[in-house]
Amino acid sequence: MVQQKKRTVKIRKILKIAYPYVKTQLRYRNPFELLVATILSAQCTDKQVNSVTKDLFNKLKNPCDFAHASSETIEKLIRPTGYFRNKAKNIRKCSVSLIEKYKGEVPQTLDELVKLPGGGRKTANVVLGAAFGIPGIVVDTHVTRISKRLGLTKNHDPVKIEFDLMKSIPKNEWNDFCLQLIFFGRAVCKARKPACFTCPLCDLCDFTDKTS
DNA sequence: CTCCCGATAT
DNA sequence: ATATCAGGAG
């Protein structure tokens, strides 16, 4: 629909003005550190991830270090991020896989990244975008919530939302657009108490908050 | 679908 | 006390 297309263009323009320079808040020095940090970021704030990765990457520097470390060692280092048993196990399996399949390097395609233990489409697209500059739609909790509120999708399935956004957003803006939604989601269009009164998109949005 | 789970905001 | 945080595996 033509109206819907124009609305999407307006939304993109306003978000670009509100968040002109977006970059992941996850701290990392190489693709492998970003991969680990992104696995740790599941159901956890970036700030909380950064608080453990400083010490974590000081002690375990590469896939080989993680592969040889015990699960207990990794668990202790990442505990504050939650889901620490699953995450420790996944990061170790992921490191083993990187060594066996890719000589310890992080692969640069979506198909290869999604097959790594502990990393799904969201993790894969974060790594592709931030570490390698390859366009990808990152569907996390913020992107899901806001896409629905703004009517950019009617779907609930993250993969369907990813493909809906791929169709309506120019490819060279996929990464920035998702990061803009995430910053916007943290500051304004929050899950719990959205700040609709100060929202720059309120005229383009039909969502009404029922919790306040 | 359920389970994993600590830290923080409300 | 409860909802939420750059989700993924079984």
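Keep in mind that this is a model prediction, so the values were computed, not measured. In what follows, chains carry the letters A, B, and so on, assigned in the order in which the sequence lines appear, proteins first and then strands, with residues in each chain numbered from 1.
Residue R192(A) contributes atom CZ, which lies 10 Å from atom P of dC5(C) at whole-angstrom precision. Between the CG atom of N175(A) and the P atom of dA6(C) there is a distance of 17 Å, given to the nearest Å. Distance, K93(A) NZ to dC4(B) C1': 14 Å, rounded to whole Å. Taking atom OH of Y19(A) as the reference point, atom P of dA6(C) lies 13 Å away to the nearest angstrom. Taking atom CG of L26(A) as the reference point, atom P of dG7(C) lies 10 Å away to the nearest angstrom. With rounding to whole Å, N90(A) atom CG is found 13 Å from dC3(B) atom C1'. Going from atom CD1 of I91(A) over to atom C1' of dC5(B) covers 14 Å, rounded to whole Å. Atom NZ in K115(A) sits roughly 17 Å away from atom C1' in dG8(C) (whole-Å rounding).
Proximity note for F84(A) (side chain, C-beta onward) versus dT10(B), dA6(C), dC5(B): the nearest is dC5(B). Side chain of R85(A), nearest nucleotide from dT4(C), dC5(B), dA6(C): dC5(B).
Backbone-only contact: G119(A) has heavy atoms under 4.0 Å from sugar-phosphate atoms and none from a base. P158(A) comes within 4.0 angstrom of no nucleic acid atom, judged by non-hydrogen atoms across all strands.
With D164(A) contributing its side chain and N155(A) its backbone, the two residues share no donor-acceptor pair below 3.5 Å.
Taken residue by residue, residues 28-52 of chain A places heavy atoms nearer than 4.0 Å to DNA chain B at Q43(A), Q48(A). Near DNA chain B, defined here as any heavy-atom distance below 4.0 Å, there are no residues from residues 121-135 of chain A. A heavy-atom distance below 4.0 Å to DNA chain C is reached by these residues of residues 142-157 of chain A, ordered by number: H142(A), R145(A). Listed in residue order, the members of residues 65-80 of chain A having a heavy atom less than 4.0 Å from DNA chain B are R79(A), P80(A).
Across the C1' atoms, dA7(B) and dA9(C) are found 23 Å apart, a figure rounded to whole Å. Rounded to a whole angstrom, the distance from the P atom of dA6(C) to that of dC4(B) is 23 Å.
The number of heavy atoms from other shown groups lying within 6.0 Å of NZ (K61(A)) is above 12. The environment of N172(A) atom CG is dense: over 12 non-hydrogen atoms of other residues, nucleotides or ligands sit within 6.0 angstrom. Remark: R7(A) CZ is packed, more than 12 non-hydrogen atoms of other residues, nucleotides or ligands lying under 6.0 Å away.
The list of ring pair (Phe, Tyr, Trp, His ring centres under 6.0 Å) pairs with a residue in residues 92-146 of chain A, not counting sequence neighbours, is empty.
A side chain to side chain contact (heavy atoms under 4.5 Å, CB included) with C178(A) is found for exactly one of V138(A), V126(A), N125(A), namely V138(A).
Taken from CG in L179(A) to CZ in F184(A), the straight-line distance is 14.5 Å, to the nearest 0.5 Å.
Side-chain contact check for T144(A) and T141(A): no donor-acceptor pair (N or O, by modelled atom type) lies under 3.5 Å. E100(A) and S97(A) are not linked by any side-chain donor-acceptor pair at a separation below 3.5 angstrom, with hydrogens and angles left out of the test.
A cation-pi arrangement, defined by a distance under 6.0 Å to the six-membered ring centre and an angle within 45 degrees of its axis, is absent between R92(A) and F66(A).
In this structure, I182(A) and V114(A) both approach DNA chain C, and ranking their closest nucleotides by distance from the 5' end singles out I182(A).
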(request) Test side chain to side chain contact (heavy atoms under 4.5 Å, CB included) on V36(A) and L56(A) and set out the steps. (result) CA-CA 10 Å; V36(A) 174; L56(A) 178 69; 4.2 Å; yes
**OP:** Apply side chain to side chain contact (heavy atoms under 4.5 Å, CB included) to the pair K13(A) and T8(A), showing each step before the final yes or no.
**Re:** CA-CA 9 Å; K13(A) 192 178 288 184; T8(A) 306; over 6 Å; no
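A salt bridge is defined here as a Lys NZ or Arg NE, NH1 or NH2 lying under 4.0 Å from an Asp or Glu carboxylate O, and R186(A) with D46(A) meets this definition. Comment: D111(A) does not engage K115(A) in a salt bridge, judged by the lack of any side-chain N to carboxylate O separation of less than 4.0 angstrom.
Residues passing the ring-ring contact (aromatic ring centres under 6.0 Å, His included) test with Y19(A): none are found, sequence neighbours excluded.
In this structure, Y83(A) does not pack face-to-face on the six-membered ring of dG6(B), missing the 5.5 Å centre cutoff or the 30° plane limit.
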